[in-house]
Number of protein chains: 2
Amino acid sequence: MSSDRLIYLPLGGAGEIGMNAYVYGYGQPGKERLILVDLGVTFPDMDTTPGVNLIMPDISWLEENADRLEAIFITHAHEDHVGAVGRLYSKLKAPIHARPFTRHHAQRKLEEAGQVPEAVIAAGVYPQVIDAGPFKISFLPLSHSIPESSGLIIDTPAGRIVHTGDFKLDTTPVLGDPFDEDLWREIAKPGVKALVCDSTNVFSPYDGRSEASVGAPLRDLVKSAPNMFVATTFASNVARVKQLAEAGEAAGRSVCLLGRAMRRMIQAGVETGVLGDFPKTVTVEDARDIPRGNLMLIVTGSQGERRAASAQLSRGKYLGMTLKEGDMFLFSSKTIPGNERGVGRIMNAYSEMGVDVVAESDQYHVSGHANRPDLQRVHEIINPQMVIPMHGEHRHLREHAKLAEQAGRKSLVVVNGAVCDLTGDAPHVVEHVEADRIYLDGDILIGAMDGIVRDRIRLALNGHVIVNVIVENDEPLGEPWVELMGLPEIGLSRAPLVDVLEEDLGQFLMRAGDKTLRDDDKLGEELKRIARKTANEEIGRKPEVTVVVSRLEG
Amino acid sequence: MSSDRLIYLPLGGAGEIGMNAYVYGYGQPGKERLILVDLGVTFPDMDTTPGVNLIMPDISWLEENADRLEAIFITHAHEDHVGAVGRLYSKLKAPIHARPFTRHHAQRKLEEAGQVPEAVIAAGVYPQVIDAGPFKISFLPLSHSIPESSGLIIDTPAGRIVHTGDFKLDTTPVLGDPFDEDLWREIAKPGVKALVCDSTNVFSPYDGRSEASVGAPLRDLVKSAPNMFVATTFASNVARVKQLAEAGEAAGRSVCLLGRAMRRMIQAGVETGVLGDFPKTVTVEDARDIPRGNLMLIVTGSQGERRAASAQLSRGKYLGMTLKEGDMFLFSSKTIPGNERGVGRIMNAYSEMGVDVVAESDQYHVSGHANRPDLQRVHEIINPQMVIPMHGEHRHLREHAKLAEQAGRKSLVVVNGAVCDLTGDAPHVVEHVEADRIYLDGDILIGAMDGIVRDRIRLALNGHVIVNVIVENDEPLGEPWVELMGLPEIGLSRAPLVDVLEEDLGQFLMRAGDKTLRDDDKLGEELKRIARKTANEEIGRKPEVTVVVSRLEG
């Protein structure tokens, strides 16, 4: 008997919704040949990552073992699955397999990062097989909320794995392949060792709804609007954008796409052949001359992104277009938790303009993820030996594991960095590797633990005091000089805070002994301590303090 | 005919959910005698107000006209209605009227701010009348989500105003007075000029649910829990806390209240007589010795507040209590938009401990605000000449106004700072006064527009570069010195960012002409420009830059 083993190691996506990166390995322990499934990003927020541009998985473990990496597979073109390919490819350099629509986006990411786009190879679908070391992989077409979403059938010497990617069970998905139960049963037939499965909607107890179900309500709504109609949705939800455009066409409206991502996605759909019959659109230049009642805009920014078209229009004119009283604005989307304030700002701005906003309605949006009953159905169809929940925060993974266990299946919550051995009858974690986050900060990749962002959060919460002292021949030269940023100018004593700080620091300097004055560290520490104490007395807050000591030799 | 007029002027709460402060006036234009209804706070967030402690309405207009202010009325003890009383009372100095439970809290706010608590006078309820200049005011008991919530019946020479405060129509509110339709009809009978009405739930199309409806589900849930049961809710929702405690008692559990606000609220309820028969509780010291299966904790922190008991317990031991695998944690609450991330963090931390979290379930929580059908019902019962929506973001106010207009009533969206004349047949805005926000920042009150918080946001997004230059007799002395905070240490050229900045700034200084070196402003501007340009080349970001030029005379 061989001691080869089959391992599963999430480096992202198992403990968060976003930043997906899942490693599978097969071979002798520590020498397994590897494949990577997805390489996505997640997005920063002011609470935890102010100023950060993008958040990516820390793939340093994979980088160290890049010689063992056979190939990378991208399940679909959402940013949380493909977004880090450009920035991180140079650390891995393995061939990337993706279906044409996804490939289109992965190639653009590589080009933007100065890499050769040829690294991405166009993949066919099951029963076509891609060989990658000990693995044989097929793309399984399924429905989600972007064209050509796929699961992966991963055959290994230790058995078959079905990795769902993001999915729902939709028999009328508008675009792409409908859910085909017979196909899934065929895949299950040889026996499936592990179902590694999307957990996003495990808390949604209702049956999933089809993309097609929003068509008629959309047509009725667009028809009912007396003036201009504007809709936003995720640009990547090409089926939705198509349904919106068709609703516009059916109401006799000219359709104009606003926002770079929106135009790019539709173009990608046409170029890759996934989108055959998209209604004719007009340019924004032409749109300006069309009577408002005959016009429909489909725009980016359903999550309240400040620079997207929705937000720009809510602040006034955008590319010559302006919304007016009596226009209607539809969010054909769900607000992702954390984005409520940004979306709310836009809704209120439209309300001030007299625009009628339709939002948070199930009639005009369906989720792209399988709800709890659909997850149960997939467990039954695939009938795997074990269920490994992925694509979820810890609470989603845990609930999903409980769901599987309730049906008598083996399951385990495997979080980022946990190496899980799937070889035997039950999954078990055998070791942990580093799997934190890295930030794209401006143009630089920094570690989440580097303290750089922590310092920025401190500046935001506490403000900044800069103390400047000149020491000549170990004697203070003149008075200390203080600058403030982000702090009240006047404190409780009603005197300028700068003056009070300079006074207290000056007093200290006058009394300071030679030993302190000679020691930069000690002098800096003392000045910082006094500045914080004085500030706390004056304004009730201990600011961040930077002390600059300049030494002159006379 | 007199030219006296009746005005309504929201200074907070009309354009946000929070920070309520509504002025009514009657008399000659510009000389109206005034009353103020509520004086609340709203809460800061990292996106817009990092480091701010509390946000209050800018009442400078009212402060300037404090000699015309007859009295202040507080409808109920929620922070968004009473929270600014302590900090702002000294600017107004008018008597404050509140019912006993609300008074208890208002007095504590005054004491904490060093004011005399006697300023708050205990009010009875309708038909008792309080005289305040030309106004005659009665407190109308109604149900909300805190004891002794009240509307106000405000009689003026120009007619009766009904100001609802926050309310719902609950015939079984568990605590306090049930909705009494006959009483409301009696109040409406003389004719009501204006209904100034809560708009929070105008988008909720379903019938409101009673507080009593959560009792049975809570009892079943607590009974079903095999190990320790922990519940969180808004501490001020005393009826809910009572129902939770009763569910614990019914399941044979000892009940322990954790968190200062929780104990304070229950104590206030007992002391003011609103809470007669609260179950016996145990101290946390005693709780430690009680078997887990016989214990129930009711804790603060339903909104994910970092320092509240929920969050502390999710991070480990708190006051000797620890949650364990198999315990159950209930959020008997709704997550307020904007708090999703904080609440999610807690849920995931509990999930990691193996604690079963029950959250976001309508079974265990009901709203304290009237839904759309209930608002329509109140419009019908009160049958006012005009409906003025309040307590809502702009979109809530607008929707509420549309709802009233659809039923043939006059209505108008009146936002913070708008002086609305209610004297005639229809409301109309006659002028605007300053009505922004002020921040409690540490111990200091600062204006929202002062730029202080804007600077902190910039520091958080961009980081801070400090440039220190010494000029002696208009010649640079030595090299420039650079300090960084919140920025990557190494840039694209792989050299330390500090070194590259010092090099570029030094080059500039060497070449700088006398005119530049003599002019502090010009020198500072140039150094800042260069620092930003170099940083942008090195790290792809333009930081905030503070330049300190020290001048020596040799």
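For the numbers below, each heavy atom of this structure counts, side chains included, while hydrogens, waters and symmetry mates do not. These figures come from a predicted structure and were not determined experimentally. The sequence lines fix the lettering, A, B, ..., with proteins before strands; numbering per chain opens at 1.
- In terms of heavy-atom pairs under 4.5 angstrom with chain A, the leader among B/Ile457, B/Ile446, B/Leu487 is B/Leu487.
- For A/Leu492, the parts lying under 4.5 angstrom from a heavy atom of chain B are both the backbone and the side chain.
- A/Glu360 does not touch chain B: none of its heavy atoms, backbone or side chain, sits under 4.5 Å away.
- Residues of residues 348-357 of chain B having a heavy atom under 4.5 Å from any heavy atom of chain A, listed by number: B/Asn348, B/Ser351, B/Glu352, B/Gly354, B/Val355, B/Asp356.
- For the residue pair A/Ile452 and B/Pro488, the shortest heavy atom distance occurs at CD1-CA, 3.5 Å.
- Under the side-chain contact (heavy atoms from CB on, under 4.5 Å) criterion, A/Ser90 pairs with A/Gln115, not counting sequence neighbours.
- B/Arg541 places a side-chain N or O within donor-acceptor distance of the main-chain N or O of A/Gly51, the cut-off being under 3.5 Å.
- With a threshold of 4.5 angstrom between heavy atoms, B/Val547 approaches chain A through N, CA, C or O but not through any side-chain atom.
- The closest side-chain heavy-atom distance from B/Asp455 to A/His464 is not below 4.5 Å.
- Side-chain contact check for A/Arg456 versus B/Asn462: every heavy-atom pair is 4.5 Å or farther apart.
- Looking at A/Lys542, there are no atoms closer than 4.5 Å to chain B (heavy atoms on both sides), in backbone or side chain.
- Counting heavy atoms from C-beta outward, B/Asp47 and A/Asp45 have side chains that stay 4.5 Å or more apart.
- For the atom pair CZ (A/Arg341) and CE (B/Met46), the distance works out to 11.5 Å, reported to the nearest 0.5 Å.
- Contact of A/Asn468 with chain B is made through the side chain alone, with heavy-atom distances under 4.5 Å.
- Annotation: side chain of A/Asp450 is not in contact with side chain of B/Glu489 (no heavy-atom distance under 4.5 Å).
- Other residues, nucleotides and ligands contribute more than 12 heavy atoms inside 6.0 Å of the NZ atom of B/Lys402.
- In this structure, A/Glu340 has no salt bridge (Lys or Arg N to Asp or Glu O under 4.0 Å) partners at least two apart in sequence or on a different chain.
- For B/Glu399, no part lies near chain A; criterion is any non-hydrogen pair under 4.5 Å.
- Ranked by non-hydrogen atom pairs under 4.5 Å with chain B, the options A/Asn536, A/Leu459, A/Val453 are led by A/Leu459.
- Proximity to chain A (any heavy atom under 4.5 Å) is restricted, for B/Ile490, to the backbone atoms N, CA, C and O.
- Listed by chain and residue number, A/Val549, A/Arg551 satisfy the side-chain contact (heavy atoms from CB on, under 4.5 Å) test with A/Asp520 (two or more places apart in sequence, or in another chain).
- Atom CD in B/Glu393 sits 10.5 Å away from atom CZ in A/Arg345 (nearest 0.5 Å).
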Requested in this report: Apply side chain to side chain contact (heavy atoms under 4.5 Å, CB included) to A/Val548 and B/Val548, showing your working.
Outcome: CA-CA 10 Å; A/Val548 182; B/Val548 183; over 6 Å; no
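- In this structure the side chain of A/Ile539 never reaches within 4.5 angstrom of the side chain of B/Asp441, judged on heavy atoms.
- There is no contact between B/Thr49 and chain A, counting heavy-atom distances below 4.5 Å.
- No more than 12 heavy atoms of other residues, nucleotides or ligands lie within 6.0 Å of CZ in A/Arg306, so this atom counts as exposed by the packing criterion.
- Nearest approach of B/Ser550 to A/Ile470, heavy atoms of both residues: CB-CD1, 3.4 Å.
- Between chain A and the options B/Gly540, B/Gly442, B/Ala460, B/Gly491, the largest number of non-hydrogen pairs under 4.5 Å is found for B/Ala460.
- Heavy atoms of A/Thr48 lying under 4.5 Å from chain B belong exclusively to its side chain.
- Most heavy-atom pairs under 4.5 Å with chain A, from the set B/Gly338, B/Pro44, B/Gly478: that is B/Gly338.
- In this structure, chain B has heavy atoms under 4.5 Å from both the backbone and the side chain of A/Ile444.
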